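Along the sequence shown, the residues carry numbers beginning at 1. Computed from a predicted model, the values in this text were never measured in an experiment.
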Amino acid sequence: MAVERTLILIKPDAVRRRLSGEILGRIEARGFTVRAGKLLTASRDLGERHYAEHSEKPFFGELVQFITSGPTWALVVEGEGAIATMRKTIGATNPADAEPGSIRGDLASSMPDNLVHGSDSPESAAREVALWFGDELA
C-alpha cells in the first residue's frame, strides 16, 4: 500500500465543542503522522474554493457559511493508505449513517455539523492540501 497525504479538517463545530484533541488522538492512534497543521478561520473565498464541486447544489451556501463560521484545524496527514483509512475513521458524511467507533458515529449528531472533513481521493487530496497550505509543503 502506498504512502499518501490527505487533508483533514477539524471543523468549527468540533473546535467549539473542544473535540480537537480527541479527533487528533484518533488520527495518531491509527498510526498516521501529522506533517503540517494550522488553526485558521477560513475566508469566504477559501470556503468557496474548497467546496467548489458543490457550487451548483442548493446546500453550497450552507457549506461555505459553516466552514467560515469559526476556527478550523487544517491538517496534512500522512501514512500508508491514509485517504481510505482516514475516511473510514471519520465515518459516513451524515452522522446518522456513521458507524459506531468512527469519529462521526461517536461524536457527531447532525448535518452540517459533522466535525471533520477528509479528502476522498488522491486528486482531491492534492488539490485540497495545495488550497489550504499553498507552497508551505513544497
Side-chain angles (χ1 to χ4, degrees):
M1 193 171 287
V3 173
E4 299 173 324
R5 283 188 175 177
T6 187
L7 180 78
I8 301 297
L9 300 177
I10 301 175
K11 296 179 181 180
D13 58 326
V15 175
R16 276 191 291 277
R17 290 180 54 203
R18 299 179 182 194
L19 295 172
S20 302
E22 165 86 12
I23 292 167
L24 180 59
R26 289 181 183 218
I27 293 167
E28 292 181 329
R30 291 299 305 249
F32 294 113
T33 301
V34 176
R35 288 287 172 212
K38 60 184 173 182
L39 181 67
L40 72 154
T41 299
S43 67
R44 180 162 189 82
D45 178 61
L46 177 57
E48 288 175 351
R49 288 188 293 142
H50 179 77
Y51 288 119
E53 70 269 17
H54 301 298
S55 64
E56 300 301 318
K57 296 179 181 162
F59 55 83
F60 176 70
E62 183 180 16
L63 288 175
V64 174
Q65 167 60 35
F66 175 60
I67 201 65
T68 61
S69 69
T72 294
W73 280 105
L75 308 172
V76 178
V77 174
E78 183 179 87
E80 287 191 27
I83 296 168
T85 304
M86 281 307 308
R87 296 280 294 180
K88 183 77 170 169
T89 300
I90 290 168
T93 301
N94 185 337
D97 300 328
E99 293 289 327
S102 68
I103 292 168
R104 290 176 179 149
D106 290 350
L107 303 173
S109 59
S110 64
M111 292 293 291
D113 297 358
N114 64 1
L115 305 177
V116 188
H117 165 82
S119 303
D120 64 4
S121 68
E123 297 78 22
S124 291
R127 181 184 73 80
E128 293 172 354
V129 167
L131 187 60
W132 287 80
F133 286 88
D135 296 331
E136 295 173 40
L137 298 176

request  = Give a yes or no on whether L107 and I90 share a hydrophobic cluster (residues Ile, Leu, Val, Met, Phe, Trp, Tyr; joining criterion: side-chain heavy atoms under 4.5 Å apart).
outcome  = yes
request  = Can you sort out the partners of D113 under side-chain hydrogen bond (donor to acceptor under 3.5 Å, both in side chains), two or more places apart, ordered by chain and number?
outcome  = none
query = What is the distance from atom CZ of R49 to atom OG of S55, rounded to the nearest 0.5 Å?
reply = 14.0 Å
task = Please test W132 against L9 for side-chain contact (heavy atoms from CB on, under 4.5 Å), starting from the C-alpha separation and ending with a verdict.
result = CA-CA 10 Å; W132 287 80; L9 300 177; 3.5 Å; yes
inquiry  = Applying side-chain hydrogen bond (donor to acceptor under 3.5 Å, both in side chains), can you list everything that pairs with E78, at least two apart in sequence or on another chain?
reply    = R5, R35
request  = For the residue pair I67 and P12, establish whether any side-chain heavy-atom pair is separated by less than 4.5 Å.
outcome  = yes
ask   = Would L40 end up clustered with L131 when hydrophobic side chains under 4.5 Å apart are linked, directly or stepwise?
value = yes
key: side chain to side chain contact (heavy atoms under 4.5 Å, CB included) partner of T6, the single match among D120, V77, V129   = V77
key: Qualifying salt bridge (charged side-chain N to carboxylate O under 4.0 Å, His left out) pairs with a residue from residues 53-74, counting only residues at least two apart or across chains   = E53-R127
key: Path from F133 to I10 over hydrophobic side-chain contacts below 4.5 Å   = no
task = Measure the shortest side-chain to side-chain distance between T89 and I27 over non-hydrogen atoms and say whether it is less than 4.5 angstrom.
result = no
Verify same cluster id: V15, L46 (apolar side-chain graph, 4.5 Å) = no
request  = List the steps and the verdict of side-chain contact (heavy atoms from CB on, under 4.5 Å) for R26 and R30.
outcome  = CA-CA 6 Å; R26 289 181 183 218; R30 291 299 305 249; 5.9 Å; no
query = Between the main-chain N or O of P95 and the side-chain N or O of N114, is there a donor-acceptor pair closer than 3.5 Å?
reply = no
key: By salt bridge (charged side-chain N to carboxylate O under 4.0 Å, His left out) - contacts of E4 (at least two apart)   = none
Distance (rounded to the nearest 0.5 Å) between S119 OG and I8 CD1 = 6.5 Å
request  = Report the distance from atom CG of L75 to atom CG of L7, rounding to the nearest 0.5 Å.
outcome  = 7.5 Å
key: Residues I103, E22; criterion side-chain contact (heavy atoms from CB on, under 4.5 Å); working and verdict   = CA-CA 9 Å; I103 292 168; E22 165 86 12; over 6 Å; no
Close side-chain approach of D97 to R104, heavy-atom, < 4.5 Å = no
Taking only distance into account, with no hydrogens and no angle test, what donor-acceptor pairs under 3.5 Å do side-chain atoms of residues 79-88 form with protein atoms, sequence neighbours excluded?
unit_1 : atom_1 : unit_2 : atom_2 : d
T85    : OG1    : G81    : O      : 3.0
R87    : NH1    : G118   : O      : 2.8

message = Using 0.5 Å steps for rounding, measure from the OG atom of S109 to the CG atom of L115.
response = 8.0 Å
task = Give a yes or no on this: more than 12 heavy atoms of other residues, nucleotides or ligands lie within 6.0 Å of atom CZ of R44.
result = no
query = Is the NZ or CZ atom of K11 positioned over F66's six-membered ring, under 6.0 angstrom from the centre and within 45° of the axis?
reply = no
key: Shortest non-hydrogen separation from A98 to S102 and the atoms involved   = CB-OG, 3.7 Å
task = With sequence neighbours excluded, tell me which residues meet side chain to side chain contact (heavy atoms under 4.5 Å, CB included) with L63.
result = Y51, H54, F59
